[in-house]
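In what follows, chains are A, B, ... by sequence order, proteins preceding strands, each numbered from 1.
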2 protein chains.
Amino acid sequence: MDLSLQQLRGFVAVAEELHYGRAAERLNLTQPPLTRQIQGLERTLDVRLFDRTGRGVRLTAAGGVFLEHARRVLALLEVAPEATRRAADGTTGTLRLAFTAIGAYAVLADFLTMVGKRTPGVTAELTELVSPAQFEALANLEIDIGLVRPPIPEQFESMLVHSEDLVLAVPASHPLAEGDGPVALVDATDDYIGYSPEGSQYLHDICAAMIGMDRYAVSQLASQVPTMLALVRAGLGCALIPRSIMAMRVEGVRYRELDAADAHSVTLHACWSPDSPNPALQRLAESLRQDPHLGT
Amino acid sequence: MDLSLQQLRGFVAVAEELHYGRAAERLNLTQPPLTRQIQGLERTLDVRLFDRTGRGVRLTAAGGVFLEHARRVLALLEVAPEATRRAADGTTGTLRLAFTAIGAYAVLADFLTMVGKRTPGVTAELTELVSPAQFEALANLEIDIGLVRPPIPEQFESMLVHSEDLVLAVPASHPLAEGDGPVALVDATDDYIGYSPEGSQYLHDICAAMIGMDRYAVSQLASQVPTMLALVRAGLGCALIPRSIMAMRVEGVRYRELDAADAHSVTLHACWSPDSPNPALQRLAESLRQDPHLGT
DNA sequence: ACAGATCCATGCTCACACGGTATCGGTTCA
DNA sequence: TGAACCGATACCGTGTGAGCATGGATCTGT
């Protein structure tokens with residue numbers, strides 16, 4: 001035969017009471033079934049668990065060892081339902097979070113602390129993905145929430161997380177490298193490092209609109225900001241990058257603010273599927289809906 | 001209702017196959033009972049464990065958490081019988097070992113390494129007790145084996161572990177403190193530090209025989225050797241102590257060997273109850289009977 | 001020393017839980 | 001739209017396990 005939980009519970013009770021009668025009483029049982037439970041246990045294990053001393057019983061060494069195991073099994077079984085329920089209502093759980101390389105610099109840390117405030121007990125699992133890949137992963141339930149740039153497919157719910165304007169990154173050799181105040185876009189060269197329309201559609205479109213499609217027909221494309229800065233540094237042209245990237249100091253690259261007339265803000269949004277099965281996400285989404293500004 | 005192992009096994013199978021039919025096959029079961037097991041589980045936990053997607057099923061977050069718990073429970077249950085059997089045949093286990101303070105100096109370490117050689121996997125639990133207390137503890141099954149001095153009650157089995165002669169401990173101020181060769185007992189003073197007949201009956205009897213009852217009517221009694229050495233050091237008299245204690249160098253105390261005529265050996269025995277229920281002891285006892293000199 | 005009490009084991013009966021067969025209802029491809 | 005697939009449900013039969021009554025062994029008190 002096989003071990004059963006009833007046998008374990010019976011055994012633990014007898015081992016603690018060292019008396020079948022009292023153990024049976026504790027289990028709301030009569031004594032005979034208990035006797036048979038222990039007998040079955042001893043037959044299954046092929047081990048004597050108790051010494052019958054005529055007056056009560058005594059644990060054998062093997063019985064002591066088995067008691068440890070039985071207690072651990074029952075204890076584990078005791079906490080399992082509560083742990084499962086906590087996971088079900090999102091009190092605990094894992095949030096699979098994706099972010100764009102650009103987004104990471106500006107807001108990832110703040111976003112994580114905000115998540116931590118709203119849903120304590122939930123841990124985050126991080127992946128870096130470009131926005132289109134994030135939407136696909138969201139649809140496939142491979143991630144729970146993404147930090148993406150617009151446009152956001154309407155099937156998803158989203159929330160503005162961060163907004164910043166673009167600044168101009170120029171090579172040190174460029175005429176605009178010297179100086180301090182804002183500059184106009186028209187003063188920049190005709191050479192721009194462009195964003196890849198596949199990897200960074202949003203920034204590509206905005207930049208195209210800012211500069212004009214005609215001048216934006218660039219020779220170099222990139223979707224990763226570090227790559228763009230490397231190209232700028234090599235003197236291949238200027239680039240429009242989010243202000244937060246200015247924190248990234250690169251030898252041979254200067255940043256210039258743009259005239260108010262030319263300034264254009266880019267936004268980053270948290271984005272999730274409203275019918276995700278992850279309760280941790282549900283809880284976070286609920287919190288975001290009710291109190292959008294907490295911890296920002 | 002309550003959790004059952006069948007439910008856990010069923011749940012794990014379904015969670016791994018993500019398909020009731022295949023899971024049922026793996027469990028040598030048909031599909032309907034499996035459905036009911038999972039339903040019962042979900043009702044008990046008040047949690048949905050699977051998302052029914054029409055085409056197969058998918059674990060919920062809560063289901064994933066519960067799966068962890070279920071696996072741990074089943075794994076624990078898997079190893080329990082084997083661990084219990086090992087404890088039953090003495091392959092693993094605990095040996096509760098008692099020793100006299102005197103015995104500890106001479107043989108405890110060697111005895112433990114010998115036990116380790118004979119019964120690997122068995123751990124020792126140490127207690128210090130005087131011989132009479134050890135016999136009582138052995139009878140009450142509070143310890144498994146003792147290192148005692150004779151006489152050994154005949155209900156116990158025993159084995160000679162160590163034999164040594166007695167030497168004379170004298171205060172530095174004593175006439176015998178200077179010199180090197182063996183001395184005769186008659187040269188010592190009439191003042192002796194005696195062993196307590198309760199705590200150290202054996203040494204008390206031997207010393208009484210060596211010195212003669214008349215001269216052994218001493219004013220100071222002790223059962224612990226360190227105490228005796230302290231009394232010797234204070235100049236209250238001489239003492240007969242086991243040779244191994246000479247390793248204990250005490251300021252103000254000198255040791256002298258005794259004439260061959262006066263020398264008297266004292267023995268230390270391992271002692272255990274032949275019908276002890278501890279399989280680890282049984283295994284050690286069997287080993288001692290078959291091969292008494294291994295590792296000595 | 002003997003009678004009674006205590007405690008675990010066993011025989012018997014019965015009910016309920018659990019598994020199997022048959023079938024339903026909903027979803028998904030071709 | 002029909003066929004195939006998959007999980008849920010209805011119904012029935014069987015075996016496990018609980019209770020009651022009692023046996024057998026050991027300990028206790030007078």
Expressed as a whole number of angstroms, how long is the span from [X]:[atom1] to [N]:[atom2]?
{"X": "A/D2", "N": "D/dG17", "atom1": "CG", "atom2": "C1'", "value": "16 Å"}
{"X": "B/R52", "N": "D/dC5", "atom1": "CZ", "atom2": "C1'", "value": "17 Å"}
{"X": "A/I38", "N": "C/dC8", "atom1": "CD1", "atom2": "C1'", "value": "12 Å"}
{"X": "A/R48", "N": "C/dC8", "atom1": "CZ", "atom2": "C1'", "value": "14 Å"}
{"X": "A/R9", "N": "D/dA18", "atom1": "CZ", "atom2": "P", "value": "12 Å"}
{"X": "A/Q7", "N": "D/dT16", "atom1": "CD", "atom2": "C1'", "value": "12 Å"}
{"X": "A/R43", "N": "C/dA9", "atom1": "CZ", "atom2": "C1'", "value": "13 Å"}

side-chain hydrogen bond (donor to acceptor under 3.5 Å, both in side chains) contacts touching residues 120-135 of chain B (sequence neighbours left out): none
Taking only residues two or more places apart in sequence, or in another chain, which ones meet [X] in a salt bridge (charged side-chain N to carboxylate O under 4.0 Å, His left out)?
{"X": "B/E286", "result": "B/R289"}
{"X": "A/R283", "result": "none"}
{"X": "A/R36", "result": "none"}
{"X": "B/D89", "result": "none"}

Where protein sits on nucleotides 18-30 of chain C, one letter per nucleotide: B base, S sugar-phosphate only, - none, heavy atoms under 4.0 Å: SBBBB-----S--
Axis bend over the full length of the helix from C/dA1-D/dT30 to C/dA30-D/dT1, computed from five pairs that close each end, to 10 degrees: 30°
Under-4.0 Å side-chain N/O to phosphate OP1/OP2 contact, A/T35 with C/dC8: no
Residue among B/L268, B/L147, B/L129 satisfying side chain to side chain contact (heavy atoms under 4.5 Å, CB included) with B/T100: B/L268
Pairing residues for B/L141 by the side chain to side chain contact (heavy atoms under 4.5 Å, CB included) criterion, not counting sequence neighbours: A/R58, B/P277
Residue pairs passing the ring-ring contact (aromatic ring centres under 6.0 Å, His included) test where at least one lies in residues 124-160 of chain A, sequence neighbours excluded: A/F135-A/F156
Pairs meeting criterion ring-ring contact (aromatic ring centres under 6.0 Å, His included) with involvement of residues 14-47 of chain A, two or more places apart: none
Indicate every side-chain donor-acceptor pair of residues 65-73 of chain B with a distance under 3.5 Å to a residue at least two apart or in another chain.
from	atom 1	to	atom 2	distance (Å)
B/R71	NE	B/E16	OE2	3.2
B/R71	NH2	B/E16	OE2	3.0

Sorted by number, the residues of residues 13-25 of chain B with heavy-atom contact under 4.0 Å to DNA chain D: B/H19, B/Y20, B/G21
Flag for B/Q39-B/T35: side-chain donor and acceptor within less than 3.5 Å: no
